[in-house]
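Before any comments, here is the structure.
Counting starts at 1 for both ligands and their atoms, following the listed order.
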Amino acid sequence: MSIKMRLLLSYIAMLIIPLILTFGVGVGIIKINVGSIQNIATIGETEKNLLSEGAKIFTDIKLTATKNPDQLKNMEYLRGMDQKLSIINTGIVVRQNNTVIYASNLFNGENITEYLPKVRHHQKDNHEEIHDPEFIGNHLYLIKQLDFHFRDGQSGSVFLLTSVGPIGQFAYKLMITMIIAFVLIIIFTNGILTYIVSRSIVKPLKSLKKAAEQIKEGNLNFVLESYPRDEIGELAGAFEGMRLQLKTSVEQQIQYENNRKELISSISHDLKTPITAIKGYVEGIMDGVADSQEKMERYIKTISLKANDLDELIDQLFLFSKLDLKKLPFNFEEIDLHAYLLDCAEEMEFDTGRSGVALQYHTEVKDPLMVIADREQLKRVIMNVVENAVKYMNRENGTIDIYLTASQTTATIKIKDNGQGIPRHLLPFIFDTFYRTDASRNSSTGGSGLGLAISKRIVEEHGGRIWVESIEGEGTSILFTLKRA
Ligand SMILES: Nc1ncnc2c1ncn2[C@@H]1O[C@H](COP(=O)(O)OP(=O)(O)OP(=O)(O)O)[C@@H](O)[C@H]1O
Ligand SMILES: [Mg+2]
């Protein structure tokens, strides 16, 4: 569930739960007090009579207040009224200006002035008012007020304070209890719901933070625990994606670093070998080991050969580095691949023939097959591959077959030999720089392992793809594609 939804639901719950609970509390209180409520109801009948009795007395007092207001200063009269009123649980209070001049002994000793409404400035005669119930001592009283003026013009008020019967008191107490219960329930539900909702948000956030700290410390191998399907879950998903991306890029970085180290070690090795040989022969000559003309010639020839090897290697390295830095300018043009391969094959046939390997070009393509390519670089690719086929040939009747096929968008050239083949597990590496299946890098076959790496870069620069198919002991095919014009 989404966080938005969860918040919405919790808001709704915060509204509904307190209402239901408060209602429940109310019903509970009423149920518990069911006995006393029934008692009250029976009392109610007698109370009704008393009330009408009260009304009569009040009319009496009103009449006195208009006709003979000073009578309301007469203690005798007041005491008599008080006696009548006490039957219906009502007390009488008379106030002259601000001073209470008579208070029923119903409120024995209570400072009644405090509970009475304030004196009005311009009070009208015969003004009647019923005030909110007020607790005096333990009893709740309904206060009825009547204003008048004494003969001498001073303002006076009569108050009848009727003790509200048990039902009234009960209702009043119930209301107060319910309000307190409602407030408490709201605080309680709010607290619980806030805790539940925030826990479901804060907990996954905390574990995300932990994961971020792991990444900061360079540990990318942990697995992020599963998260709820909400906004935080989405964030965690993005986070996991970032972790994987970081991990691959770090691994790639390490791989690059290793490649670079290997490259330097291979270059040093391949440069060192011919130089050591040259040094050896030069020292031999200086020490006079080459004592005959014939020996001398052999030494010099070897030195020249090694120097040439070195030169070639440096050229190769230079070419590779330019390709790697993408600094080799390509001269792309539209060429007819069919005609081009025909020429190439004719040219190479002679050289391979001298090494005892027969080279043949086959194709079903008859019309010109136009591709975009750099003639010189394409030649280099084909030469590298054919050179390998000759170099790694271990058969008397070696053959090299060049095939050209074409699809709508690409032309594919396949150069197949029937030489020693390449073990299956070494196939993924042969296009790597300096890779030679002969791990000892013994130079009897020569080569530095750059030929196929260079070819691959060139083909890729043409927007093509190069790959190998080989069966050990049967032969090897190198295939590559070029884009048709
Ligand atoms: N036709 C083939 N038959 C058998 N093995 C091959 C063939 N072509 C390539 N290889 C293997 O792949 C390796 C890489 O070839 P690549 O042309 O890159 O290097 P190289 O021939 O050793 O050196 P270079 O081409 O730089 O002189 C070779 O060392 C060889 O072990
Ligand atoms: Mg080679």
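- Of the listed options Leu450, Asn394, Thr476, Ile400, Thr476 places a heavy atom closest to atom 3 (N) of ligand 1.
- No hydrogens or angles considered: a donor-acceptor pair under 3.5 Å links the side chains of Thr410 and Ser407.
- Between Phe434, Phe431, Tyr392, Phe320, it is Tyr392 that holds the heavy atom closest to atom 20 (P) of ligand 1.
- At under 3.5 Å, a nitrogen or oxygen of Arg436, whether backbone or side chain, sits near a nitrogen or oxygen of ligand 1.
- Relative to atom 17 (O) of ligand 1, the option among Thr433, Asn388, Leu317, Ile454 with the closest non-hydrogen atom is Asn388.
- Checking only distances, Ser448 does come within under 3.5 Å of ligand 1, N or O to N or O.
- Residue contacts with ligand 1 include Lys391, since one of its heavy atoms falls under 4.0 Å from the ligand.
- The number of heavy-atom neighbours closer than 6.0 Å to CZ of Phe222, taken from other residues, nucleotides and ligands shown, is above 12.
- Counting heavy atoms under 4.0 Å from ligand 1, residue Leu452 touches it through both backbone and side chain.
- Residue-environment remark: CZ (Phe332) exceeds the threshold of 12 foreign heavy atoms within 6.0 Å.
- Using a 4.0 Å cut-off between heavy atoms, Val385 makes no contact with ligand 1 at all.
- Numbered from 1 in the order shown, with element, the atoms of ligand 1 that lie under 4.0 Å from a heavy atom of Ile422 read 4 (C), 5 (N), 6 (C), 10 (N).
- If you check the side chains of His131 and Tyr115, you find no donor sitting under 3.5 Å from an acceptor.
- Taking backbone and side chain together, Asn388 holds an N, O or S atom under 2.8 Å from the Mg ion (ligand 2).
- Close approach to Gln316 involves these atoms of ligand 1, each under 4.0 Å from a residue heavy atom: 26 (O).
- Using a cut-off of 4.0 Å between Lys/Arg side-chain N and Asp/Glu carboxylate O, Arg375 and Glu333 are scored as salt-bridged.
- Between Gly419 and ligand 1 there is no heavy-atom distance shorter than 4.0 Å.
- Checked by distance only, ligand 1 and Gly451 come closer than 3.5 Å through their nitrogen or oxygen atoms.
- Taking the charged nitrogens against the carboxylate oxygens, Lys326 and Glu461 do have a contact shorter than 4.0 Å, which makes a salt bridge.
- By the 30° and 60° cut-offs, the orientation of the rings of Tyr281 relative to Tyr299 is perpendicular.
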Q | Worked verdict on Asp230 versus Arg6 for salt bridge (charged side-chain N to carboxylate O under 4.0 Å, His left out) | A | CA-CA 10 Å; Asp230 58 11; Arg6 246 181 284 164; 2.4 Å; yes
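- Heavy atoms of Asn384 come nearer than 4.0 angstrom to ligand 1 in no pair at all.
- Checked for salt-bridge contact, Lys210 and Glu213 miss the test: no charged N lies under 4.0 Å from a carboxylate O.
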